[in-house]
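This structure is a prediction, so every number in the text was calculated from the model and none was measured.
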Amino acid sequence: MHGQCYTYRYGLAWLKSKTFPVLITYEKETKSLNKTYSKYLKDKSVIQTIANNDTFYAVSPTFFANKYTKKELANSVIFMESCYGFGEGEDYNYSLAKSLTGSGAETVVGFNNAVFYEYSRDMMNTFISNLYNGMNAQDSLNDGIAQLGLDDQEWYYKHYGSRRDDLPPAKPILYGNEDYTIGNIGIKNGDFEPFYFQGALPLILNWTISGDARLLTKLGTVTPISGKYMAIITTGIGSAESSYLSGKEGSTLSQQFRIPNGVKTLSFSYNVISEEPMEYVGSKFDDKFITKIYDVHDNEILEVASESINNSKWFAVSGIDFAGGDSTAYQTGWKTVSVDVSDCTGCFVTLKFGVVDVGDSAYDTVALIDNVVLK
């Protein structure tokens with residue numbers, strides 16, 4: 001949407017006035033729409049303004065203040081590329097930004113004056129990319145300014161060797177929570193303790209599930225490492241045909257989070273239990289458990305842990321008989337893994353646990369996971 005500074009005159013002989021930023025829609029004025037929008041035009045949440053020799057409708061700060069609830073934009077960050085989002089000149093107008101934060105937005109970034117679109121687009125991309133990689137809002141904007149210039153005049157001179165003397169410089173401005181970040185900071189619910197809905201099964205909060213993942217208090221004679229619950233992912237009923245791992249079917253449990261500064265290690269405990277040992281060790285029936293860390297572009301950074309029917313050491317476990325297969329089951333026993341993540345501090349990563357069925361679907365394999373910790 002284009003932006004504009006709009007001045008509304010009122011009072012005796014129109015001696016009083018208010019000036020505020022507006023966002024111009026692409027909807028041209030008509031008599032029919034004037035009737036439709038009459039109550040909005042009356043309270044100035046929608047106004048009529050001239051642009052390119054036509055009259056269009058525009059939304060004002062009052063639109064968001066009156067029509068949005070206080071939580072309408074909760075937990076959001078808004079980057080406005082529209083011109084005049086913070087008014088005209090050096091006397092910044094915060095009315096539009098205040099109406100957005102008043103509707104729940106954490107942070108609003110925009111420009112004063114008419115901004116050159118290439119500068120605003122580059123600044124937006126840099127700002128959002130920095131947020132996504134773990135910076136807070138103010139640091140994200142400061143980095144954009146350091147890279148692209150204090151205003152669009154600096155950017156224009158750097159790229160075109162001249163200045164836009166016909167227009168004053170447009171600067172990026174931040175209003176709201178300077179420390180705002182997106183995503184989880186650190187692991188959430190690493191001990192898999194549930195939140196209950198009345199009459200429902202316990203939920204795995206903060207984790208993304210593909211296929212079959214649940215919470216258990218015990219499996220046969222196996223109990224959690226920490227707290228009352230542990231997570232289980234399986235190759236059995238409910239597993240997904242298209243998992244992130246190679247194989248016929250499987251399940252994953254993952255979480256994206258930012259690794260806080262000062263954190264050096266990621267640790268967790270797991271126990272893989274399967275019906276395939278000992279009959280199928282050394283065969284093509286080679287179910288696997290794999291844990292990996294990915295960057296924000298889903299590129300693999302580290303393979304943290306792996307087990308397979310053919311390459312792991314197995315121990316008999318009692319009291320477990322999965323559907324199908326046979327009545328015997330074997331476990332790796334609880335193992336605790338610690339991996340150095342100091343090179344990733346300040347960055348967003350995705351931790352992904354997965355089990356995959358290789359060779360058949362009759363004999364099931366599961367992984368128990370517990371006590372996922374950053375320290």
When hydrophobic residues are tied together by side-chain contacts of less than 4.5 Å, even through go-betweens, does [X] share a cluster with [Y]?
X: V337; Y: I293; result: yes
X: L174; Y: I78; result: no
X: L253; Y: F289; result: yes
X: L216; Y: V355; result: no

Would you indicate whether the side-chain heavy atoms of [Y] and [X] approach each other to under 4.5 Å?
X: K67; Y: V59; answer: no
X: Y119; Y: P172; answer: yes
X: T350; Y: D298; answer: no
X: L167; Y: N113; answer: no
X: I259; Y: V349; answer: yes
X: V109; Y: L141; answer: yes
X: L266; Y: V373; answer: no
X: S274; Y: I309; answer: yes

Ignoring hydrogens and geometry, is there a side-chain-to-backbone donor-acceptor pair from [X] to [Y] under 3.5 Å?
X: N93; Y: G87; value: no
X: D370; Y: S269; value: no
X: N142; Y: A146; value: no
X: S308; Y: N311; value: yes
X: T101; Y: K98; value: yes
X: Y26; Y: F56; value: no
X: W334; Y: L368; value: no
X: N189; Y: L205; value: yes
X: S103; Y: S99; value: yes
X: Q4; Y: I24; value: no

Should we say atom [atom1] of [X] is surrounded by more than 12 heavy atoms from elsewhere, each under 6.0 Å from it?
X: D91; atom1: CG; value: no
X: Y180; atom1: OH; value: yes
X: K228; atom1: NZ; value: no
X: K335; atom1: NZ; value: yes
X: D166; atom1: CG; value: yes
X: K218; atom1: NZ; value: no
X: L150; atom1: CG; value: yes
X: D343; atom1: CG; value: no

If you look at every heavy atom in [X] and [Y], which pair is closest and at what distance?
X: C83; Y: V115; result: SG-N, 3.3 Å
X: S283; Y: N310; result: O-ND2, 3.0 Å
X: I273; Y: A329; result: CG2-CB, 4.3 Å
X: S140; Y: L131; result: OG-N, 3.4 Å
X: D286; Y: E276; result: N-OE1, 3.8 Å
X: E275; Y: E279; result: O-OE1, 3.7 Å

Open item on the list: Under the criterion side-chain contact (heavy atoms from CB on, under 4.5 Å), I'd like the reasoning laid out for V281 against Y330: C-alpha separation, chi angles, the key distance, then a yes or no.
Closed with: CA-CA 12 Å; V281 172; Y330 293 81; over 6 Å; no

Hey, could you give me the [atom1]/[atom2] distance between [X] and [Y], rounded to the nearest 0.5 Å?
X: L33; Y: Y57; atom1: CG; atom2: OH; answer: 4.5 Å
X: Y270; Y: I233; atom1: OH; atom2: CD1; answer: 12.0 Å
X: W314; Y: M278; atom1: CH2; atom2: CE; answer: 9.5 Å
X: T208; Y: L351; atom1: OG1; atom2: CG; answer: 11.0 Å
X: I128; Y: M123; atom1: CD1; atom2: CE; answer: 12.0 Å
X: K16; Y: Y10; atom1: NZ; atom2: OH; answer: 5.5 Å

Open item on the list: Working note: D139 + E178, criterion side-chain contact (heavy atoms from CB on, under 4.5 Å); need CA distance, chi angles, decisive distance, verdict.
Closed with: CA-CA 8 Å; D139 289 343; E178 297 177 355; over 6 Å; no

With under 30° as parallel and over 60° as perpendicular, where do the rings of [X] and [Y] fit, or are they tilted in between?
X: F268; Y: F353; answer: perpendicular
X: Y68; Y: F64; answer: perpendicular
X: F127; Y: F79; answer: tilted
X: Y6; Y: F20; answer: tilted

Task: NZ/NE/NH1/NH2 to OD/OE distance under 4.0 Å, E81 and R121 - done: yes

Open item on the list: Under the salt bridge (Lys or Arg N to Asp or Glu O under 4.0 Å) test against D152, which residue among K158, R163, R164 passes?
Closed with: R164

Open item on the list: Applying side-chain contact (heavy atoms from CB on, under 4.5 Å) to D179 and Q138, what does each step give before you reach the verdict?
Closed with: CA-CA 7 Å; D179 295 322; Q138 188 63 66; over 6 Å; no

- [ ] Verify the distance criterion only: is there a donor paired with an acceptor across the side chains of D212 and S251 at less than 3.5 Å?
- [x] no

Task: ring pair (Phe, Tyr, Trp, His ring centres under 6.0 Å), paired with F86, selected from Y94, Y92, Y175, F111 - done: Y94

Task: Pair D122-Q147, side-chain hydrogen bond (donor to acceptor under 3.5 Å, both in side chains): steps then yes or no - done: CA-CA 10 Å; D122 286 354; Q147 290 187 48; over 6 Å; no

TODO: Report the C-alpha separation of F348 and F257 in whole Å, then their side-chain angles, then the decisive distance to 0.1 Å, and conclude whether the ring pair (Phe, Tyr, Trp, His ring centres under 6.0 Å) test is met.
DONE: CA-CA 5 Å; F348 278 99; F257 54 91; 8.7 Å; no

TODO: Assess whether side-chain contact (heavy atoms from CB on, under 4.5 Å) is satisfied between L219 and V366, documenting all intermediate values.
DONE: CA-CA 10 Å; L219 180 64; V366 308; 4.1 Å; yes

